[in-house]
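Written below as structure tokens is the structure these notes are about.
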Amino acid sequence: MLKRKASLTATALMLLMSGVLAACGGGDNNKENASTPTSGTSKNGAAETAQLKGDFEIQYFVGGYGDAWWKSMIAGFKELHPDLNIKESAGPKINDQMKPRWIKNDPPDLVYIDGAGGLDVGQAVKDGQLMDLTEWFASAENVDGEKLSDVVITQPSAIEGKLYTVPLVFGSWGTFYDKALFSKNGWEAPKDFDSFVTVSEKIKAAGIAPYIHPGVYTGYLIGGFLFPAMVSANGDDPSILQDVSDLKPGIFKSEPVMKAVGQLVTMRDKGLIDKAAVALNHTDSQMQFLQHKDAFIPNGLWLPNEMAKDTPEGFEFGYIPSISQAPGGKYVANPYTSPMAIASKAKNPEAAKAFIQYIFTKKAAIEWAEKTGALMNLKVDLDSSKASEVSKGAIKFYSSDNLIVAPAVPIQADVNKEMENATLALTDNKIQADEWAERMEKIAEKVRSQK
Amino acid sequence: MQLSLPEFHVRGDCMTAAWKRRLFIASFVWPTLILFLVFTVYPVLRGLHYSLFDWSGSAESMDYIGLRNFKDMASDPVIAKAIRNDYFLVFSKIFGIMLLAVFFAVALTRLKLRGSKFYRFAFFFPNVMSVVVIGVLWRFIYNPKLGILNGLLSETQGKPVETPWLGDSSYALLALLPPAIWAGVGFFMILLIAGIKGIPEPLYESAQIDGARQWKQFWHITVPLVWEQIKVSIVLIMLTSLNGSFAIVSVMTEGGPDNATQVLGYYLYQMGFKQYHMGYASAIGIVILVLSLVTTIMLQRIMKRDSVELS
């Protein structure tokens, strides 16, 4: 679910950002550049690794992150393997353009999954379209000789115990507030659920609704609140999310899940959730948040960028990874990622693997942060780089001892939709926690039986 | 032998003429027929074919499952809800649009209003707007805290009204009606105006002389003589609603909250493209087709009247 929702929301952001870029007069990133083979066969022969030959096709979506990083990576990879004929299938519409080829079983070798209409990893795995990378990833090293599994921030998520993707872009969900507003009113940013409830009641008394979320896309509430809450309730053990992803029988009635849902009910019954939330989409809810109609909003790290144009003077984005932990408990960062995957029908899987090994380096991660303003899924020190202050702050944050980075688990599409529906109904007092669990178990059962 | 020759010639000429005639007709029929076959019949058959498969829509692998998609639909509560919602929208829209369209059409033709050209333009205006724009516009109007509707209600009631019109499952579906009706009135108004203008003025004049008031003139002259247009309008509203509710639902609520505004058209899209059940989505498409056909036939039967013709 997260991955899908994240990619959907990321798409929205990217469309927005690409719009901004285009408006700025540049717009180079949006240029249609599908299927342009990289030509030029400079023979410098400097490569020490085994030379790769033949054709190698990579599909990547071009949105808010642009394609400068990709162009630079591909050029570097080409230098390393001059005999490799690299074909780039890229652009803002590439997902739609390549869809017929995926259906006809003639996919590219490597795909970066992002943007509208991108592959749904769970479904693609079910359809047998992605290559099992479990064994390879366990031992694969990048070109600097570091193990991939050691350098990534979040590990690839498993589908029935197997790995099919490597997360490339990394960010996390959380709760946002306006630091300036809080300090003006003498409110303290919550450190745990109790302090969240306490400060929310003060906020409510001051005439501001404490908590808003986009009810049309309940995924924000699930990603920013419910999933971290499940991890907190499970004694900070993020394996609960994997169990939810795997649809373990009874998982939705299990104690940690019910406790997390119970926290939502507490928020509802104390009147902390804005009644308007049910009718709002993400933009509506974000506008209300920026206009100080509401104090907290669950969202992703893209929020400050997305709303940059509408942010009032003096508004200071504050970010809390989770608000559901017990006093003294650790923060939980629930990540969203955009992954890379190799097609099971890849004609040149060796080149695809080699390319992943080539790009998962510190140098590439720094370049990613500098060129896109976002974070790559790789532990790296950005202090001396030209990356933005936001990126520098964020990367430090993920290496803190007081924080758990949960896995970005895929949630099956039917389960995801039902979870959104049931969670929204719960927050609007149309159903109760036991009915929520009942509905979730029912859909899980149905999906399990279809496997 | 010699006798039969001219006869043969004559017959040959006849056939040439007949063939020419056929060719002439065919040259008009075939291009349209081919387009119809390629763009309507073939997709319908293809949809029927897919509806018998378990297919994600994004891969080559398809499993033949016979009628299971249809059986699953029978036990899917969302389908039942979507059908109920669809028919609620159909009948509410027929009632709302026809009432307003007939009223405006009569008002702008028979009641000699000043500025009727302006009104005609104003009422027709939503028709040139995209449904997406209409949906976004009404989302603003309905916005619980920033919208104009709650703003007005707050003013008149003297206390803050923050009703989440599109978010509460009790009235979200009702909230879809005003934009849908507002968007539809103009076209049918124009259709009826054309019908009313075709009624010869002397009919009204003689009715006037006989002492029939506007109301009687309306029931006994206008309605019978524009009945064909009314019939066509009703069937068109039904068809566009069953097949086209997707757009307004997609822009305004995405079927939510908790399927409260779900309609078959949007559920088809959601199943096919968001939840990867293209086979199931195709089956929903077949149901929409069958419902449209059955409803059309039933409406035609119900609305059958002895036709009144002007001689």
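Reckoned from all heavy atoms, side chains included, excluding hydrogens, waters and symmetry mates.
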Can you give each donor-acceptor pair under 3.5 Å made by side-chain atoms of residues 83-90 of chain B, sequence neighbours left out, with the distance rounded to 0.1 Å?
unit_1  : atom_1 : unit_2   : atom_2 : d
B/Asn85 : ND2    : B/Ala260 : O      : 3.0
B/Asn85 : ND2    : B/Gln262 : O      : 2.9
B/Asp86 : OD2    : B/Leu264 : N      : 3.0
B/Tyr87 : OH     : B/Thr295 : OG1    : 2.6

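- With A/Phe289 as the fixed residue, the ring pair (Phe, Tyr, Trp, His ring centres under 6.0 Å) test singles out one of A/Phe315, A/Phe176, A/Tyr177, A/Phe296: A/Phe315.
- Inspection of non-hydrogen atoms places no residue of residues 32-47 of chain B under 4.5 Å from chain A.
- Within residues 432-442 of chain A, the residues having any heavy atom closer than 4.5 Å to a heavy atom of chain B are A/Arg439, listed by residue number.
- In this structure, the portion of A/Asp428 lying under 4.5 Å from any heavy atom of chain B is its side chain and not its backbone.
- Both the backbone and the side chain of A/Leu280 have a heavy atom closer than 4.5 Å to some heavy atom of chain B.
- Taking non-hydrogen atoms and a 4.5 Å limit, the residue list of residues 123-138 of chain B in contact with chain A is empty.
- Ranked by heavy-atom pairs under 4.5 Å with chain B, the first of A/Asn105, A/Asp414, A/Leu424 is A/Asp414.
- Here the straight-line distance linking atom NZ of A/Lys275 with atom CG of A/Asn429 works out to 7.0 Å at 0.5 Å rounding.
- Using a 4.0 Å cut-off between charged nitrogen and carboxylate oxygen, B/Lys274 and B/Glu254 count as a salt-bridge pair.
- Heavy atoms of A/Gln291 lying under 4.5 Å from chain B belong exclusively to its side chain.
- The residue among B/Ser61, B/Gly167, B/Ala172, B/Ser169 with the most heavy atom pairs within less than 4.5 Å of chain A is B/Gly167.
- Between A/Asp274 and A/Lys293, none of the side-chain N atoms (NZ, or NE/NH1/NH2) sits under 4.0 Å from a carboxylate O, so this pair counts as no salt bridge.
- Side chains of A/Leu247 and A/Phe252 form a contact here, defined as non-hydrogen atoms less than 4.5 Å apart.
- At a cut-off of 3.5 Å, with distance as the only test, a side-chain donor of B/Ser56 or A/Asp127 sits close to an acceptor on the other residue.
- Aromatic ring centres of A/Tyr220 and A/His213 lie farther apart than the 6.0 Å criterion allows.
- Atom-to-atom distance recorded for B/Asn143:CG and B/Leu166:CG is 9.0 Å, nearest 0.5 angstrom.
- Contact of the B/Tyr266 side chain with the B/Thr253 side chain is not registered, since no non-hydrogen atoms from C-beta on lie closer than 4.5 Å.
- Between B/Asn150 and B/Lys145 the shortest side-chain heavy-atom distance does not fall below 4.5 Å.
- Taking the six-membered ring where tryptophan is involved, the planes of B/Tyr280 and B/His277 are perpendicular, since the angle between them exceeds 60° and thus also 30°.
- Between A/Met98 and A/Glu57, the closest side-chain pair of non-hydrogen atoms falls below 4.5 Å.
- When side chains are defined from C-beta on, A/Tyr60 does not count as touching A/Val111, because their heavy atoms never get closer than 4.5 Å.
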